[in-house]
Amino acid sequence: MNAEHMIHNANQIALYFSSYPREEAVAGVLDHLKKYWERRMKDQIIQYVAQGGAGLHELVVDAVKRLDVPQKHATPR
Amino acid sequence: MALIQETDYGTPHILAKTQVTLEIDGKPVTVPAGTSIMRAAVESGVPVPKLCATDSVEAFGSCRLCLVEIEGRKGTPASCTTLAEPGMKVRTQSPKLARMRRGMMELYISDHPLDCLTCSANGNCELQDMAGVVGLREVRYGYDGANHLQPGKDLSNPYFSFEPSKCIVCSRCVRACEEVQGTFALTIQGRGFASKVSAGGTDFLSSECVSCGACVQACPTATLIEKSVTEKGQGDRSVVTTCAYCGVGCSFKAELKGNEVVRMVPYKDGKANHGHSCVKGRFSWGYATHKDRILKPMIRAKITDPWKEVSWEEAIGHAASEFKRIQAKYGRDSIGGITSSRCTDEETYLVQKMIRAAFGNNNVDTCARVCHSPTGYGLSNTFGTSAGTQDFDSVNDADVILVIGANPTDAHPVFASQMKRRLREGARLIVIDPRRIDLIKSPHVQAQFHLPLKPGTNVAIINALAHVVVTEGLVAESYVKERCDVAAFELWRKFIAEERNSPEAVEAVTGVPSADVRAAARLYATGGNGAIYYGLGVTEHSQGSTMVIGMANLAMATGNLGRRGVGVNPLRGQNNVQGSCDMGSFPHEFSGYRHVSNDAVRVSFEQAWGVPLQGEPGLRISNMLDAACDGTFKGLYVQGEDIVQSDPNTKHVSAGLAAMECVVIQDLFLNETASYAHVFLPGSSFLEKDGTFINAERRIGMVRKAIPPMAGYADWEITIKLSEALGYPMHYSHPSEIMDEIARMTPTFAGVSYEKLERLGSVQWPCNEKAPEGTPIMHIGSFVRGKGRFMITEFIATDERTTDRFPLILTTGRILSQYNVGAQTRRTENNVWHSEDVLEIHPWDAENRGIREGELVSLTSRAGDITLPARISERMQPGVVYTTFHHAMTGANVVTTEFSDWATSCPEYKVTAVQVQPAKRLSEWQEHYKEAKRRTTQILSQTGAD
Ligand code: SF4
Ligand code: SF4
Ligand code: SF4
Ligand code: FES
């Protein structure tokens, strides 16, 4: 996904949760990324944050720092 | 199955608690109080002659054929207009009654053409039947006197004819148009002998008529009759099935002659439609056998090559080997698929199963992504279920109806008729919509409030309504305390009470006078049962999910949930969009909305399907296209969807598809997406297969095979073949076995089986041990998630803003006669009502730009530009323009952008900043489209070049 698009999407999620108390908000963003983002997108945003995360809402940055990508379950056929 | 003849009870069914017992022809009969003698007689098996009565409309008492004698009473009252009373002794037959009835019939027949043998209704005409029933043997008056035998036919409607010479002026049609449909297009003009039926003084096509066909169905003679019956003759067998158009899910009898459909008649036992329909379901089925249907599998190496017809084996083998090759080269996650909201539950279930089990990933999505995905998100987070809370009949108990971002008379016509009936009975109406939709003012219906908000400000309005409820002490405190999560409520109450959410504070943003918002909020909160109905005007926004949550908050705060007459009800678009979501079409969840990361659920599927499954969500449609542009997604299987035409930002969709190496399309027609395909698998229409659809009220309705699949296989059979070729065989010999698996694997469907559906007609999920016959109303006593959860709904304006360059807002929508991308309806006579998409624009905006009615205009956004004709209309507010996306050539989605709902990626179809200017020629995209379409749809027939 192009970076601009990814930043826009992630920030929209953060904006929704930003009306909640901070801890809840970070947890909300994190939960959302875990539940709905595919591996490629998660990898991309983790990498982007590692490179500084320019333009990302601070809630996103905090959530992504806690985002761990699980081992895949299925084995390819 | 033989031709089904439903019993006509003469007058409508009465809902009453008290019963009365009377005697008819010596037999005791018990009926609900308020029932007519006629109905009581028919229910007890005693038919009474009749002409002007039929059970879809109130009795009128004009033909005098249904006379009876009542012991102890003078005269011979009409049984259709006389109510049954306790202890009454009724006689339906006597020499006197027989004489009188014969006399009446004689009068009718003396003014009726005697061409029975060549009449289209021969054998299916109540006048003919009654002549036989009353034993009419001669007509003493002769046929020379003044009569009505001359007037010509009105053939203007494409689907039915009106032949006044056959009319007996029983007014059944007039009453059907008023009471059943609610359009009031017909009147009886003149009096006495001069009286005649008139479509408002003009022909049917130019009248207010919406071609629902209720009058045709009610007509006892051949005066109003389907042209298809005139052309093909009457059917000899019926198959009861479910409409394949919209989410109302009307039940129909398909009447056939051999394997040819002769007509579709709405089925009286259908619990979603009670014998009514709209133009699409009743008349617009010709697409199913249209000459454009592709009936042979086809393949090609490049999308610029002509298609080559091949055998099923070759096409399936090619698709499977391409998918395997792509996965070997680019990885397991490099392919995916899209399930169809038009196909059956069973078919959808199989597609997602194939993707998860045979592709080995979760890259499955469905077109609900682009319509009601926010409904799923919002309602499951607040209530615990991804579906509407009520059945349609619940509206009969509503006192205040709040319609938000929906246009039911066009998009959900049969439910709109039911809603209008309730409004005529006195329920009050609030409409929140940027456009002045028809419902706001229609015959005998007038909205109390229309809040014409600016597109994109839904959340501000719903917050303002809730602000009034909270700050004016209108919260249903004890309901909230008992039923909802109190901590979440208090947090929300504090937020919503803030001054910035008041109607006054948001007025500048929404454009709606604060006094109206206050009054509407008070009405909804205090007017009795408050019911919310909403459509895509809610979901297709960057805050679509927030808005769904906002409506759920408002309903909980006022206690308007968990009983009849209330609720939060999505009016869902396509016939099976509810079902496709229920069946696990989303990349993050299995059937029944259970997340793929839920270990217990995933393990149960791994055991049942015998393969390991991924526990991480897959790609959504928009992400698949992004990944394709990035080079990591290369293959796609699409069943019965047309994402090129239906999804936003056409150029982006096309670029994504063009970057793929194998696109497999399974459809009836070479649709727009097929222009980018390498394999085409010919699908089957709803008439050609068994299965189920689930409508907007969670009702699982049967779809029954009326004719054999024209291309050889039903869609579920094709998926099985593909899966087998991929090395994952599935063993089902009938869709009922697929439903058995769905029931085994999905708690909310645990009690569903074809046997039960056959027995009950239809059933609403959840259907399980707790609710063996289904659940019409949800959340009675407690919410599915336990406590109802209030969530904060901060209004955040969309990033799609008007600018000097793009000063207007475009919003998109639907109309009655066309359906979605138009693949079906454009291949019917419905084009007489809507042959092209037009741009509706307010007179001021038109005048400012020098735009005149009917002239071409260019519509430009930052995503692209198209050209289409203008229609100047005061239904629009200044600053807002509107169009539909029924025609591919218009390319409305060339203009819409990639902005979408924050939670679900549902596109923001309802808000695009645009400019409109007079134009002379088609846009570049449209020119390119014409040429590309020609190039990418050539078929090399087996005998040579096309
Ligand atoms: S087709 Fe429907 S709308 Fe038209 S006149 Fe008949 S009942 Fe009325
Ligand atoms: S058109 Fe048919 S239903 Fe209408 S008044 Fe004439 S006979 Fe009756
Ligand atoms: S209302 Fe919907 S389901 Fe009913 S006939 Fe019309 S299109 Fe079909
Ligand atoms: S059927 Fe009763 S008066 Fe016509």
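Per chain, numbering begins at 1; letters A, B, ... match sequence-line order. Hydrogens, waters and symmetry mates are skipped; everything else that's a heavy atom, side chains included, is used.
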Where along residues 487-496 of chain B does a heavy atom come under 4.5 Å of chain A, listed by residue number? B:L491
Mind ranking A:N2, A:L15, A:N9 by heavy-atom pairs under 4.5 Å with chain B and telling me who comes out on top? A:L15
Calculate, to the nearest 0.5 Å, the distance between atoms CD and CD belonging to B:Q352 and B:E589 respectively. 10.0 Å
Sidechain N-carboxylate O distance under 4.0 Å for [X], [Y]:
{"X": "A:E23", "Y": "A:R66", "answer": "yes"}
{"X": "B:E616", "Y": "A:K34", "answer": "no"}
{"X": "B:R602", "Y": "B:D599", "answer": "yes"}
{"X": "B:E606", "Y": "B:R356", "answer": "no"}

Select one option (side chain, backbone, both, neither) describing which atoms of [X] are under 4.5 Å from chain A's heavy atoms.
{"X": "B:S622", "answer": "neither"}
{"X": "B:N362", "answer": "neither"}
{"X": "B:Y377", "answer": "side chain"}
{"X": "B:I796", "answer": "side chain"}

Within the 3.5 Å criterion, strictly below it, is a donor on B:D799 or A:Q12 matched to an acceptor on the partner's side chain? no
Look at atom CD of A:E4 and say whether more than 12 heavy atoms of other residues, nucleotides or ligands are closer to it than 6.0 Å. no
Report yes if the distance between the aromatic ring centroids of B:F899 and A:H8 is under 6.0 Å, otherwise no. yes
Do A:W37 and A:H32 make the cut of ring centroids closer than 6.0 angstrom? no
Tell me which of these, B:T904, B:I792, B:D626, has more heavy-atom pairs under 4.5 Å with chain A than the rest. B:I792
